[in-house]
Amino acid sequence: MKELDVEEGQEVVMRFAPNPNGPPTLGSTRGIIVNSEYVKKYGGKFIIRFDDTDPQTKRPMLEAYDWYIDDCKWLGADPDEVVIASDRIPLYYDYANKLIKLGHAYVCFCDGADFKKCKDAKQACPHRDASPEENLKHWEKMLSGEYEEKSAVLRIKTDIQHKDPALRDFGAFRIVKTPHPRQEIADKYCVWPLLDFEGAIEDHELGMTHIIRGKDLMDSEKRQGYIYKYLGWKYPKTTHWGRVKIHEFGKFSTSGLRHAIEEGEYSGWDDPRLPTIRALRRRGIVPEAIRKFMLDMGVGETDISISLDTLYAENRKLIDSGANRYFFVWDPTDIDITGTEPCIATPSLHPAEDRGNREIEVGPKLYVCKEDAEKLSIGSRIRLKDLYNIEITSLEPLQARYLDDSIVSVKKERMKIIHWAPVNGMPVTVLSPEGEFRGIGEKQIATELDNVVQFERFGFCRIDDVGKGIVAYFTHK
RNA sequence: GCUCCGAUAGUGUAGUCCGGCCAAUCAUUCCGGCCUUUCGAGCCGAAGACUCGGGUUCGAAUCCCGGUCGGAGCACCA
């Protein structure tokens, strides 16, 4: 991580400020991890602030507040303080009042399009020059609900002639009569602050020293700068980063995902196909891997498009030694073996770590993957891993005869080694981003609930349920 | 239309502020080889980049100007 511009002995205060209109995704995680990491590095305070001031367009989701806190903790970014903007509306009203009195804000009754016309022409709208007293009166009426939605808005005066149209008089409060989803707030307010206002006030009130945010918010600093100037405040130091696109997920929006989930297209916010933290957790991605992934990305202003392979590579290093090995035969087909007695196979739980062995009952019939079976022909000699060697005697039905146990002959003949499953195994369903895999696995997988295991020749999976059958979430190869 | 920002290997990233130590770092990916009763992993090796054009300079990835490409803002979204 790059050094932050920190003054001698200064404690840093940084924040992550999401709108809880859905659960955290891999995208939001960058903000959680990088901000909290800087706070850890320099000492100070990490605040999570819910910018939930839009009850309508980007309506917050009640469950998401806790999801954010929970995922932050899981990621090792436990916030020192949690602030909810919708709890602090009176604070914003106070400052609005102050700015109106100072003549820096006015209630504008222009239609959106009309105002844009004025603004584009660098001209003040008819309401800009109203006196503070008049504006105060109008403001009170706004607050008491006398005006309809869209009929009035409180604007901050900047410089209507500014060469950058993005910086000319911006909106600070608008009227929204849809109740807020939080019960304790509900219809308490009908005037809600916009991001640039709410954020400006909060960043100062909470004593923010540094802000890292997306470069789409670069103009915010300049807009908010006017508020800071009017109130005599000092603006925090800012850093910006570009957009992150994940190859595997392409474009998605929280509202789009929400819709797709409601439509039943996904099983929920933790569907393994989704880029949410909840989904990655369920798949057995460990926090440390996500942290490393995010930290390695740095904080450049370039827009980036990164592959999850990097995340998977980090995760693999972390889970490999802890993951026990098991046989899972997807798309199974059975094979009859003659010339040998029933026995117990004892493959080891891990090829490198000494954790003992599993036990599998072996009878005259076994399952193997169809894709392995299809490569066989009569006379093929193969090794059933950790069991014995066989020679194929028939394809339809698939039959073989026992050859010997010798691993030496496997090496000498360069026999193909395949895995298998017993006929009394457990049904296994693997849910992965690419879809579902069904098959049969060893019974002992049932002892691994909630653990990440490796299904040999398949990949790592987190065992999610062992009730009726096994349900596993695919982690990665 | 106006305004702002960015550009280093396939993908990320270091270096850019304060020009020489950069024939450019690290990770991932890909390709070989070793090892392994799976697949990872591990070990060894290899490939691969300074957006373009000018300028300043003894010397430019680094400074300046211009072009190109990409992104963003100009919301009563965050």
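For clarity, every value in this text was computed on a predicted model and none was experimentally measured. Every chain is numbered from 1 and lettered A, B, ... according to where its sequence line falls, protein lines coming before strand lines.
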Paired with B:A27: which nucleotide, if any, by Watson-Crick or G-U wobble criteria at under 3.5 Å for both distances? B:U11
Between B:U11 and B:C4, how far apart are the two C1' atoms, rounded to whole Å? 27 Å
For B:C18 and B:C65, measure between their P atoms and round to the nearest Å. 14 Å
Within 45° cone of A:Trp241 ring axis and under 6.0 Å: A:Arg30 NZ or CZ: yes
Quantified in whole Å, what is the P atom distance between nucleotide B:C2 and nucleotide B:A49? 38 Å
Distance under 6.0 Å and angle within 45° of the ring axis: does A:Arg358 meet both against A:Phe327? yes
Quick one: label A:Lys292 by what it contacts on the DNA or RNA (base, sugar-phosphate, nothing), any heavy atom closer than 4.0 Å. nothing
With a cut-off of under 6.0 Å to the ring centre and 45° to the axis, is A:Arg155 in cation-pi contact with A:Phe115? yes
May I have the distance from A:Arg213 (atom CZ) to B:A72 (atom C1'), rounded to whole angstrom? 14 Å
Using atom C1' in both nucleotides, what's the gap between B:C69 and B:A23 to the nearest angstrom? 28 Å
Counting the atoms with a prime plus P, OP1 and OP2 as sugar-phosphate, which does A:Lys385 contact under 4.0 Å by heavy atoms, base, sugar-phosphate, or nothing? base
Have A:Trp330 and A:Glu371 got a donor and an acceptor in their side chains that come within less than 3.5 Å? yes
Identify each atom pair where a protein N or O and an N or O of nucleotides 76-78 of chain B are less than 3.5 Å apart, giving names and distance.
residue, atom, partner, partner atom, Å
B:C76, O2, A:Lys150, N, 3.4
B:C76, N3, A:Lys150, O, 2.8
B:C76, N4, A:Cys110, O, 3.3
B:C76, N4, A:Lys150, O, 2.4
B:C77, OP2, A:Arg174, NE, 2.4
B:C77, OP2, A:Arg174, NH2, 3.0
B:C77, O3', A:Arg174, NH2, 3.4
B:C77, O2', A:Asp54, OD2, 2.9
B:C77, O2, A:Lys58, NZ, 2.2
B:A78, OP1, A:Thr53, OG1, 3.3
B:A78, OP1, A:Arg174, NH2, 3.1
B:A78, OP2, A:Leu195, N, 3.1
B:A78, O3', A:Asp51, O, 2.9

Taking only the C1' atom of each, what is the distance from B:A61 to B:C77 in whole angstrom? 39 Å
For B:G66, give the paired nucleotide (Watson-Crick: N1-N3 plus N6-O4 or O6-N4; G-U: N1-O2 and O6-N3; both under 3.5 Å), or none. B:C52
For B:A27, does OP1 or OP2 lie under 4.0 Å from any side-chain N or O of A:Lys317? no
Before we go on, tell me: are the rings of A:Phe197 and A:Tyr92 under 6.0 Å apart, centre to centre? no
Provide the distance between the two P atoms, one in B:U28 and one in B:C43, to the nearest whole Å. 10 Å
Given protein heavy atoms under 4.0 Å, the one-letter contact record of nucleotides 9-17 of chain B, with B base, S sugar-phosphate only and - none, is simply --SSSSS--
To the nearest angstrom, how far is A:Tyr312 atom OH from B:U28 atom C1'? 14 Å
